[in-house]
Structures are given as C-alpha cells and as structure tokens.
Amino acid sequence: SEAVRGEGAYLRDVHGERFMLAADPRGELAPRDVVARNIFGTMERTQHPNVYLDLSHLDPALVQNRFPGMSRVCRGFGLDICKDRIPVRPGAHYMMGGVTVDADGKTTLPGLWAAGEVTSSGLHGANRLASNSLIEGLVYGAICGRGVAAALTLSPTTAIRCPLQYTVTDDDDPDEHLDVADLTNSLRSLMVRKMGIVRDAARLEEAKTDVDFWCRYVLAREFDSRQGWELQNLLTVAKLMIAAASERTESRGTHYRSDWPSRDDAVWSEKHVVARRD
C-alpha cells in the first residue's frame, strides 16, 4: 500500500479513525517502519486483525488509472477501491543486514558474490527505502557481474558448488515423524510474532527457546528435498537474527525494541553485529 499512501490514501482503524496523524505529523507519509509499527500497535489496541486503507476521498478516475492491478485484485474479493475500505496489515518489513560483502561484492565464501537486500553492504542506514534498494541492486549487481566475469576469465574451469543431494535409506529416514511444511509455517509465524515489527527481551527469549529446540531436531538431519534444505536455512538465519536483535539494546530504524525504545549513539553508533562461524 506504500504507493497508494503516497497518492493520498488514509489509514483507518476498525472504528474509522485515522490513527497515523496522532502518531506522526507526516501521517500516512511517515517512513515505512513508523507506519508499520503504528499499524501493529493499532491492531493490538483494537484487538482487530487488520486496519483499513481508505481511498474514497480521492478522484475515482485517478485511482483507477493509477492502481488498476490493485483494483482488479480487490474486485475479486467484492471490494471497490474507490468506495470501500481495504483491509491491510504488515505482511513483512524490510530489515538491514545480511551476508558480509566487500567493496567488490565478494562474500567470505570463495566463488560467491552477493548483491542487493541479501547483503550487509553498508549502503543503507538503519532504514531501507525503496529507491535505495534499487540503487543498491543496480550498483552491486553490475560490480558483481564484472567480478564474476573477470574470475571466470582468469580461471575458466572454475566449478560451481551445488548442494549435495543426499540418498535416504529406510534405516536412516530423516523425514520420519517430521512435518517439514508444518515446522516451516510454525517458524514463520513465530518470527512474525516474536521477532517482527516490535521486539522485546521476553519475546526474543521465547523465540530463541523455540528456534533452539527446532534446530536440535532439524539441523542434524540430511534431507533429499528442497523443502528440507530450506527449513534448515530458515532456522539458521532465524537463530542469527534473534541473537543479533537480542544483542542490540536500543531502537534504530527498522530494529525497534519496546524495552529499549530510544537510540543509543553512545554505545551503538556505527557499530554492527557480526556473526561468524568459528
């Protein structure tokens, strides 16, 4: 809904009240992390599963011309975006950090380059804006492309490493009593509730306990399916994110701790949390 809010749409709670004006003088045009936190807080306050996007005060011709895709999707649910309030909620929020890269886009793993939001490139502050992300992808995409091409020119026989495809035997069935799809859904739900838009020590500790348990149960197994590998990767990343969020005892940009609501430049300015495998 970011583009729609930029065009002048309002956010309203279940009672029809605009809640962003009380939270920020910029209203619905506040930075996305501020908007996301206030949507989250409004949902908790009203005990309602969503808030509403209201375009009814805008010119219908403008709305239909600017947002034909959104209009088409909403019609499938019986909603007219020119008249009806559209239920919205934060699905996910952009976070800073990721894989360590150098100025050439190289990771610490030989033969692997990375570009875009998967990386910790240093091109962002504590908040990610859409325009910054596009520039990052274009700049580092080109840099990585040139780096890979140069590396292949120097060593044309460089092999590409792929995940091993394990063979599962009846005696060593790693999928026995393990519902990968259910665990994956549970992990996603946990991360939204405990490691999402608003964090605190208690929620983070609960998330750590659950993820540690799942890691002990899942990471030692050898899967022969993409779904199993992805669950292992998701658990690994979740564990690192929870540890980093627990370590950073302040709020900065998209990282918001309700138990540490202020930014602490004396301790955390220009500091990064880096996870290394010893």
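- Here the side chain of T119 pairs no donor or acceptor atom with the backbone of G98 at under 3.5 angstrom.
- Here the closest non-hydrogen pair linking V198 and S258 is CG1-CB, 3.9 Å.
- A donor-acceptor contact shorter than 3.5 Å links the side chain of S246 to the backbone of I242.
- The distance from atom CG of D84 to atom CG of L53, rounded to the nearest 0.5 Å, is 12.0 Å.
- A continuous path of ILVMFWY side-chain contacts below 4.5 Å connects F213 to M241, so both sit in one hydrophobic cluster.
- Between I86 and L55 there is a side-chain heavy-atom pair separated by less than 4.5 Å.
- Note that CZ of R85 is 7.0 Å distant from OG of S56, once rounded to the nearest 0.5 Å.
- L234 and V118 are not part of a single hydrophobic cluster, where members link through side-chain heavy atoms under 4.5 Å apart.
- No side-chain donor-acceptor contact under 3.5 Å links R188 and T184.
- Contact detail for L235 and C215: the closest heavy-atom pair is CB-SG, 3.9 Å.
- Rounding to the nearest 0.5 angstrom, the gap separating the OG1 atom in T236 from the CG atom in L240 is 7.0 Å.
- Between R12 and D54 there is a salt bridge, since at least one side-chain N of the basic residue sits less than 4.0 Å from a carboxylate O of the acidic one.
- Here the CG atom belonging to N185 is positioned 8.5 Å from the OG atom belonging to S189, to the nearest 0.5 angstrom.
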Exercise. What's the verdict on side-chain contact (heavy atoms from CB on, under 4.5 Å) for Y256 and D33, showing C-alpha distance, side-chain angles and the deciding distance?
Worked result: CA-CA 9 Å; Y256 182 78; D33 61 306; over 6 Å; no

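- Looking only at side-chain heavy atoms (C-beta outward), Y52 and D13 stay at 4.5 Å or farther from each other.
- A salt bridge does not link D212 with R216: none of the charged nitrogens is closer than 4.0 Å to a carboxylate oxygen.
- Using modelled atom types, no side-chain atom of E44 and backbone atom of G41 make a donor-acceptor pair closer than 3.5 Å.
- Minimum interatomic distance between A30 and M20 (heavy atoms only, all atoms of both residues): CB-CE, 4.1 Å.
- Taking the charged nitrogens against the carboxylate oxygens, D104 and K106 have no contact shorter than 4.0 Å, which rules out a salt bridge.
- Contact annotation: the side chain of W268 approaches that of V273 to within less than 4.5 Å [non-hydrogen atoms, C-beta and beyond].
- Taking a cutoff of 4.0 Å between a charged side-chain nitrogen and a carboxylate oxygen, D210 and K208 do not qualify as a salt bridge.
- Y10 carries R18 over the face of its six-membered ring, with the cationic atom under 6.0 Å from the centre and within 45° of the normal.
- L29 and V34 are assigned to two separate hydrophobic clusters, defined by single-linkage of ILVMFWY side chains at heavy-atom distances under 4.5 Å.
- Take E250 and apply the salt bridge (Lys or Arg N to Asp or Glu O under 4.0 Å) test, not counting sequence neighbours, and it matches R248, R252.
- In summary, R32 and E2 engage in a salt bridge, as defined by a charged side-chain N under 4.0 Å from a carboxylate O.
- For the residue pair L190 and A207, the shortest heavy atom distance occurs at CD2-O, 3.9 Å.
- Distance CZ/R72 to CD/Q64: 11.0 Å, rounded to 0.5 Å.
- One hydrophobic cluster holds both L178 and L187 under the rule that ILVMFWY side chains link at heavy-atom gaps under 4.5 Å.
- Inter-residue side-chain proximity for S71 and D80 is flagged as unmet; no heavy-atom pair is nearer than 4.5 Å.
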Problem set entry | Residue pair N50, H48: steps toward the side-chain contact (heavy atoms from CB on, under 4.5 Å) verdict | CA-CA 6 Å; N50 55 267; H48 196 68; 4.0 Å; yes

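- Between W113 and A151, the closest heavy-atom pair is CH2-CB, 3.7 Å.
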For this session: Please lay out, stage by stage, how R276 and T108 fare under the test side-chain contact (heavy atoms from CB on, under 4.5 Å).
Result: CA-CA 10 Å; R276 292 187 176 93; T108 56; over 6 Å; no

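- Using a 4.5 Å heavy-atom threshold, the side chains of V218 and L183 count as touching.
- Within the 4.5 Å cutoff, the side chain of R146 has no heavy atoms near those of the V148 side chain.
- Using a 4.5 Å heavy-atom threshold, the side chains of R199 and H255 count as touching.
- M43 and L21 fall into different hydrophobic clusters, where Ile, Leu, Val, Met, Phe, Trp and Tyr are joined by side-chain heavy atoms under 4.5 Å apart, directly or via other members.
- Contact check for E28 versus V35: no side-chain heavy atoms found under the 4.5 Å cut-off.
- Looking at every heavy atom in both residues, W260 comes nearest to S251 through O-OG, 2.7 Å.
- The structure places CZ of R66 at 12.5 Å from CG of D59, a figure rounded to the nearest 0.5 Å.
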Problem set entry | Working for side-chain contact (heavy atoms from CB on, under 4.5 Å), residues R203 and D200 | CA-CA 6 Å; R203 295 188 198 194; D200 60 52; 3.3 Å; yes

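- A cation-pi arrangement is present between R221 and Y217, with the terminal nitrogen or guanidinium carbon under 6.0 Å from the aromatic centre and inside a 45° cone about the axis.
- Proximity of a side-chain donor or acceptor of S269 to a complementary backbone N or O of A266 within less than 3.5 Å is not detected.
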